[in-house]
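Computed from heavy atoms alone, side chains included, the values below leave out hydrogens, waters and symmetry copies. Note that the structure is a prediction, hence the values are computed from the model and not measured.
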Amino acid sequence: MDSNARMGEAIRAANEALEHLGRAADLLDDASRWGVVDMLGGNMVTTLLKHRKIDDAQDEVNAAKRALQLFVGRIEGVDGVGLNVELGGVLQFFDIFCDNIINDLFAQRRIKESQRRVDEAIAEVTRVRDQLCRM
């Protein structure tokens, strides 16, 4: 495969990753809003809605990771963009079954950290993609 074809595939993969990351960012914003409602007196339904948004965001991040693997595989010398936006498991169990302000605050902090990581990934993928487009 010639370098122009590889470049085109890389740019398409970067755009796909950015679409998924954008959706993940939107879902994390929704989760954060539900988290605020949860802290202000939400109930089990509020907690479940918040975690549904988190789970959906994780699905989008996983799809972005797959696209980024293709992106990185097509461009020699481009460092991979590391994403780690895991937010389930024990945290979700405690937030749902031990629903109190402490667990809600902890969950909110993890959502904010995930938002920061997704924003950093968007910026890095955009930077590399734009650099490729100028080549």
Side-chain angles (χ1 to χ4, degrees):
M1 180 180 294
D2 72 3
S3 65
N4 286 338
R6 289 172 61 88
M7 191 81 68
E9 285 185 9
I11 291 169
R12 280 189 294 280
N15 288 335
E16 181 181 343
L18 288 169
E19 287 176 22
H20 289 294
L21 289 168
R23 285 193 290 272
D26 291 344
L27 288 161
L28 287 168
D29 287 344
D30 290 347
S32 180
R33 284 190 288 277
W34 281 113
V36 170
V37 171
D38 204 15
M39 287 187 295
L40 296 175
N43 56 27
M44 178 72 83
V45 172
T46 307
T47 301
L48 291 172
L49 286 169
K50 173 179 66 178
H51 282 285
R52 178 65 183 166
K53 296 294 183 182
I54 292 166
D55 291 344
D56 290 347
Q58 183 63 53
D59 291 344
E60 290 295 337
V61 167
N62 289 338
K65 285 181 181 181
R66 290 188 294 276
L68 287 172
Q69 287 172 343
L70 176 63
F71 173 62
V72 172
R74 293 291 180 245
I75 302 298
E76 294 177 15
V78 175
D79 291 331
V81 177
L83 297 174
N84 186 13
V85 188
E86 309 279 338
L87 198 63
V90 174
L91 172 65
Q92 186 172 4
F93 172 82
F94 280 115
D95 192 30
I96 292 171
F97 293 103
C98 304
D99 195 18
N100 62 50
I101 191 67
I102 305 279
N103 290 326
D104 291 344
L105 286 170
F106 184 68
Q108 197 68 7
R109 189 179 83 206
R110 293 284 306 270
I111 291 168
K112 292 296 183 192
E113 175 64 18
S114 296
Q115 288 174 305
R116 183 188 64 75
R117 288 179 179 172
V118 167
D119 289 344
E120 287 174 357
I122 289 170
E124 181 64 13
V125 172
T126 300
R127 182 190 68 76
V128 174
R129 186 212 47 205
D130 292 350
Q131 182 180 7
L132 293 173
C133 289
R134 288 190 297 272
M135 296 177 100

Q. Which residues satisfy the side-chain contact (heavy atoms from CB on, under 4.5 Å) test with D130, sequence neighbours excluded?
A. T126, R134
Q: Measure the shortest side-chain to side-chain distance between K53 and L49 over non-hydrogen atoms and say whether it is less than 4.5 angstrom.
A: no
(Q) List the residues meeting side-chain contact (heavy atoms from CB on, under 4.5 Å) with Q108, not counting sequence neighbours, and say none if there are none. (A) S32, V36, M39, I111, K112
Q. Is there a path from V61 to V128 through hydrophobic residues (I, L, V, M, F, W, Y) whose side chains come within less than 4.5 Å of each other?
A. yes
**Q.** Minimum heavy-atom distance between G22 and I122, given as atom pair plus value
**A.** N-CD1, 4.2 Å
Q: Measure the spacing between NZ of K65 and CD of Q58 and express it to the nearest 0.5 Å.
A: 6.0 Å
Q: Treat each ILVMFWY residue as a node, draw an edge where side-chain heavy atoms are under 4.5 Å apart, and state whether L68 and I11 are in one component.
A: yes
Q | Partners passing side-chain contact (heavy atoms from CB on, under 4.5 Å) against R33 (at least two apart in sequence or in another chain) | A | D29, D30
Q. Which residues satisfy the side-chain hydrogen bond (donor to acceptor under 3.5 Å, both in side chains) test with R127, sequence neighbours excluded?
A. E124
Q.
Just verifying a value: how many Å separate D59 CG and R23 CZ, rounded to the nearest 0.5 Å?
A. 11.5 Å
**Q.** Distance (rounded to the nearest 0.5 Å) between R52 CZ and T47 OG1
**A.** 15.5 Å
Q. Can you name the residues that form a side-chain hydrogen bond (donor to acceptor under 3.5 Å, both in side chains) with E113, not counting sequence neighbours?
A. R116, R117
Q: Starting at CG of L21, measure out to CG of L28 and round the result to the nearest 0.5 Å.
A: 10.5 Å
Q. Should W34 and V45 be counted in the same cluster of Ile, Leu, Val, Met, Phe, Trp and Tyr side chains packed under 4.5 Å apart?
A. yes
Q | Residues in side-chain hydrogen bond (donor to acceptor under 3.5 Å, both in side chains) contact with T46, at least two apart in sequence or another chain | A | N43
Q. Any side-chain donor paired with an acceptor under 3.5 Å for N15 and E19?
A. no
Q | Spacing of NZ belonging to K50 relative to CG belonging to D55, to within rounding of 0.5 Å | A | 12.0 Å
